[in-house]
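Report on the following structure.
What you see is a predicted model, and the numbers here were worked out from it, not measured in a lab.
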Amino acid sequence: MKLRTKIPSFPTDAKWINGHINNEKLIGEKPVLVYFWSVSCSLCGGAYNYIRQWKAKYGETFHLVGIHMPRSKEDLQEKRIHEAIQKGRMEDSIYLDHELIVTKQFQNRIVPSFYLFDKKGLLRHIQSGETGMMMLEKRLLLLMKENK
């Protein structure tokens with residue numbers, strides 16, 4: 001996915017945890033952070049700890065959408081996914097991408113990965129891996145300032 005690309009639409013008939021979200025709700029008011037994670041990813045929980053801290057610090061100044069991207073057949077077990085969500089205290093909308101539809105739209109291959117969109121829904125930053133979370137936060141802050 002290239003910078004300045006519009007955020008792809010999320011399938012409406014898909015399985016969501018913590019509530020369904022669509023582009024009409026996402027675009028227009030504040031930045032959107034889309035993060036890809038997997039229940040089998042040992043680094044994903046640590047990366048999400050940063051996001052949880054940002055939500056506590058910045059409140060509702062940005063949208064957050066999680067995409068669960070399975071890496072193996074074991075990752076498709078919804079009980080494991082629900083346990084990971086509960087353990088990680090993930091309260092945002094999470095799309096279960098068992099068919100890899102959204103993963104392919106984003107051209108994503110790595111977890112954790114982060115896609116930061118501005119309030120117009122244009123991609124402004126991509127980051128993969130659990131390092132560089134301070135850089136991601138700085139980019140998020142810049143986009144939040146654009147909203148004022």
Flag if over 12 foreign heavy atoms under 6.0 Å of NZ, Lys138
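Result for NZ/Lys138: open.
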
Can you get from [X] to [Y] by hopping between Ile, Leu, Val, Met, Phe, Trp and Tyr side chains that sit under 4.5 Å apart?
X: Leu3; Y: Phe117; value: yes
X: Ile126; Y: Leu122; value: no
X: Met135; Y: Ile110; value: no
X: Tyr48; Y: Phe114; value: yes
X: Ile7; Y: Ile67; value: yes

Check residues 32-43 and write down every donor-acceptor pair under 3.5 Å in which the side-chain atom is one partner and the other belongs to a residue at least two apart or another chain.
unit_1: Tyr35; atom_1: OH; unit_2: Asp92; atom_2: OD2; d: 2.6
unit_1: Ser38; atom_1: OG; unit_2: Ser40; atom_2: OG; d: 3.4
unit_1: Ser38; atom_1: OG; unit_2: Met69; atom_2: O; d: 3.2
unit_1: Ser38; atom_1: OG; unit_2: Asp75; atom_2: OD2; d: 2.8
unit_1: Ser40; atom_1: OG; unit_2: Arg71; atom_2: NE; d: 3.1
unit_1: Ser40; atom_1: OG; unit_2: Arg71; atom_2: NH2; d: 3.2
unit_1: Ser40; atom_1: OG; unit_2: Asp75; atom_2: OD1; d: 3.1
unit_1: Ser40; atom_1: OG; unit_2: Asp75; atom_2: OD2; d: 2.8

Angle between ring planes, Trp54 versus Tyr50, binned at 30° and 60°: parallel, tilted or perpendicular?
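Rings of Trp54 and Tyr50: tilted, 30 to 60°.
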
Distance from Glu99 atom CD to Lys104 atom NZ, nearest 0.5 Å?
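Between atom CD of Glu99 and atom NZ of Lys104 there are 8.5 Å.
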
From Cys44 SG over to Ile51 CD1, what is the distance, rounded to the nearest 0.5 angstrom?
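One finds 9.5 Å between SG of Cys44 and CD1 of Ile51.
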
Taking all non-hydrogen atoms of both residues into account, name the closest pair between [X] and [Y] and its distance.
X: Leu123; Y: Leu116; value: CD1-O, 3.5 Å
X: Pro112; Y: Glu130; value: CG-N, 4.0 Å
X: Thr61; Y: Met144; value: OG1-SD, 2.8 Å
X: His125; Y: Leu136; value: CD2-CD1, 3.6 Å

Decide, yes or no, whether a salt bridge links Arg124 with Glu146 under the criterion of side-chain N to carboxylate O below 4.0 Å.
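Salt bridge between Arg124 and Glu146, a charged N being under 4.0 Å from a carboxylate O: yes.
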
One thing to verify: whether Lys57 and Glu137 come together as a salt bridge, which I'm taking to mean a side-chain N less than 4.0 angstrom from a carboxylate O.
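Salt bridge present between Glu137 and Lys57.
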
Can you check whether [Y]'s main-chain N or O pairs, donor with acceptor, with [X]'s side chain at less than 3.5 Å?
X: Asn23; Y: Leu26; value: no
X: Asn18; Y: Met90; value: yes
X: Asp97; Y: Val102; value: yes
X: Ser128; Y: Ser113; value: no
X: Lys120; Y: Gly28; value: no

So, is the end of the Lys55 side chain (NZ or CZ) under 6.0 Å from the ring centre of Phe62 and within 45° of the ring's axis?
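Yes; both conditions hold, so Lys55 lies above the ring face of Phe62.
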
Verdict with reasoning, His98 to Glu78, per side-chain contact (heavy atoms from CB on, under 4.5 Å):
CA-CA 10 Å; His98 290 180; Glu78 287 191 32; 4.2 Å; yes

Are side-chain heavy atoms of [X] and [Y] found at a separation under 4.5 Å?
X: Ser93; Y: Leu64; answer: no
X: Gln127; Y: Met133; answer: yes
X: Arg52; Y: Glu91; answer: no
X: Ile85; Y: Ile94; answer: yes
X: Trp16; Y: Val65; answer: yes
X: Lys119; Y: Ile27; answer: no
X: Glu83; Y: Lys79; answer: yes
X: Ile81; Y: Ile17; answer: yes

Working for side-chain contact (heavy atoms from CB on, under 4.5 Å), residues Tyr95 and His68:
CA-CA 6 Å; Tyr95 173 71; His68 181 263; over 6 Å; no

